[in-house]
S.K.: 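Please find one structure pasted underneath; my questions will follow.
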Amino acid sequence: MEGVIPVPDPPDAPSGPDPAADGRRWEQLITEAQTALPVELPALVDRCASALGLGTVLIYLADLQQRLLIPLDEALESLPVDRSSAGWAYRTISPRVADADDGLIVWMPLLDGAERLGVLAVRVTSLDGVLMRRVRMLAHLFAMIISSKRAYSDWLAARTRTAPMGLPAEMVRAFLPPRTIGSSRCVSTAVLEPAYGIAGDAFDHTVVKHELHTMILDGMGHDLIAGLTTSVAMAAARNTRRGGGDLADIVGSVDRALAQWLPDHFCTGVLCRLDTETGVLRWVNCGHPPPLLIRDDRVLAGALDSSPQPPLGLAGPLAPAARQIHETKLEPDDCVLLYTDGVVEARDANGAEFGLDRFTEFIIHSNVAGQRPAEVLRLLIHAIFDYQRNQLRDDATIVLFEWRPRPQ
């Protein structure tokens, strides 16, 4: 029998008969964690679990397409995200407890802020509030350790792949941020397919103080140059953003960078800046499908439409004299969707498009069902991929962000 275990926060557990010895042991383990190779993490997590009075632990990370949970122990089999207790914990970001031959297994989600990394499988002989709290602490610790090491570990990157990566996709993915980011006031999440064969699509999102910046790009063509175009665009945007530039400065820097370095190539895109304290959204649309605003479980038709502007990177007489920056005020819990045309233009065996209505209805129904934003997009991109029989003719990228102001 398995199920969700509601566990209230217990009082602090006693540190043991020898607090000084416990402190020295944890100091040693944390020092080991700083220098441990990623391939050594399975052994390290077991030692940390032992120090907490827990049994053996396994680390599972989500694959690139979020269909499988792949163990860091290469001798073990992967688990399906959609049909396992481990997957349930990953999908819902909630602990799951299952019976085991010699006790229980606690499946605890691994979270880096708002991003789902995978799950821990922690064996225990029995379970109470104190032990559940220690399992959660262990998951928090190893989420941070894994996040710090995956930035430079090819082994961790390779472990979460299930197919060969094309060169254009390898280049674009080197520039992509985490799938999901967030703060107490907002969350932004993104997906893109084909995971191993993307070329011209890309996304970016970041939090700068109280502002959420998001961007979606669709490069001209479906080759290495298309990926290079969006990579240059992302680099230019980040360079200006990190230098303190506003939205007009950012889009101007992208235009100039592409015109200078890739004068024969351009990309469409939408760049947004959300003030998470006031809900003021500013955006610029450069030849791209307009963003969609979802409020109270319906799409507000035309709410974020704007007059046409040329794509990013046009030079000479085709270059715009000035970009138009648009502004509106969001309401609490509003969702904004950015997408590339490959999302709605995916076709089934009979040639019927996935379409904008099906796209937005999927988002709304998933929200009504209580799915979290990252899970909504995971399910949606799989539905689009399956709709076109796993053979997307064009890159399909979606960014969803929500404004969640603090209660007054």
Side-chain angles (χ1 to χ4, degrees), residues 166-177 188 190-195 197-206 213-241 245 247-273 282-292 304-326 336-346 392-399 401:
L167 182 58
E170 190 76 68
M171 178 176 63
V172 171
R173 286 198 174 278
F175 279 87
L176 293 181
S188 178
V191 288
L192 72 171
E193 285 281 3
I198 54 169
D201 278 15
F203 69 88
D204 197 14
H205 47 202
T206 188
H213 289 257
T214 59
M215 176 171 64
I216 194 166
L217 300 167
D218 187 352
M220 178 185 69
H222 301 93
D223 54 16
L224 187 66
I225 297 299
L228 180 60
T229 301
T230 52
S231 297
V232 170
M234 281 192 287
R238 290 173 181 173
N239 181 257
T240 302
R241 196 170 60 219
L247 192 58
D249 298 325
I250 294 168
V251 69
S253 71
V254 174
D255 273 326
R256 290 190 298 273
L258 292 179
Q260 177 181 358
W261 299 107
L262 295 165
D264 297 325
H265 298 272
F266 59 87
C267 61
T268 67
V270 177
L271 293 82
C272 303
R273 190 194 72 180
R282 303 183 75 224
W283 80 97
V284 56
N285 187 340
C286 305
H288 201 80
L292 301 174
L304 301 181
D305 288 357
S306 57
S307 55
Q309 296 192 63
L312 293 155
L314 295 182
L318 297 177
R323 293 288 188 181
Q324 292 181 308
I325 308 297
H326 304 277
V336 177
L337 278 170
L338 313 178
Y339 64 97
T340 58
D341 53 15
V343 171
V344 296
E345 293 175 1
L392 291 178
R393 297 180 181 87
D394 192 7
D395 295 351
T397 305
I398 311 165
V399 177
F401 62 90

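Since the model is a prediction, treat every value here as computed from it, not as a measurement. For the numbers below, each heavy atom of this structure counts, side chains included, while hydrogens, waters and symmetry mates do not.
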S.K.: If we ignore angles and hydrogens, is there a donor and acceptor under 3.5 Å between the side chains of Gln324 and Ser306?
M.R.: no
S.K.: Hey, could you give me the CE/OG1 distance between Met215 and Thr230, rounded to the nearest 0.5 Å?
M.R.: 9.0 Å
S.K.: If I compare all heavy atoms of Pro177 with all of Arg238, which pair ends up nearest, and what's the gap?
M.R.: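 Scanning both residues completely, I find the closest heavy atoms to be CD-NH2, 3.7 Å.
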S.K.: Identify the two heavy atoms, one from Leu304 and one from Pro290, that lie closest to each other, and give their separation to 0.1 Å.
M.R.: O-CB, 4.1 Å
S.K.: Looking only at heavy atoms, what is the nearest atom pair of Pro311 and Arg323, with distance?
M.R.: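 Between these two residues, the closest heavy atoms are O-NH2, 2.9 Å.
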S.K.: Do you know the tightest heavy-atom contact between Ser188 and Thr214?
M.R.: OG-CG2, 3.7 Å
S.K.: With rounding to the nearest 0.5 Å, note down the distance linking CG in Asp395 to CG in Leu217.
M.R.: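 Here the interatomic distance stands at 12.0 Å.
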S.K.: Report the distance from atom CG of Leu312 to atom CG of Leu258, rounding to the nearest 0.5 Å.
M.R.: 6.5 Å
S.K.: What are the two closest non-hydrogen atoms of Val172 and Ala199, and how far apart are they?
M.R.: CG2-O, 3.5 Å
S.K.: Nearest 0.5 angstrom please: Phe175 CZ to Asp204 CG, how far?
M.R.: 10.5 Å
S.K.: Let me confirm one number: the SG-CG distance from Cys272 to Leu247, rounded to the nearest 0.5 Å.
M.R.: 8.0 Å
S.K.: We want to know whether Thr268 and His288 form a side-chain donor-acceptor pair, criterion being a heavy-atom distance below 3.5 angstrom.
M.R.: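 Short answer, yes.
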S.K.: Taking all heavy atoms of Ala226 and all of Gly200, pick out the closest pair and write down the distance.
M.R.: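 Shortest heavy-atom contact: CB-CA, 3.8 Å.
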S.K.: As an exercise, state the distance from NE2 of His213 to CD1 of Ile250, rounded to the nearest 0.5 Å.
M.R.: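 Rounded to the nearest 0.5 Å, the NE2-CD1 separation comes to 5.0 Å.
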S.K.: With a 3.5 Å cut-off and no angle check, do the side chains of Thr340 and Asp218 form a donor-acceptor pair?
M.R.: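 Result is no, nothing qualifies.
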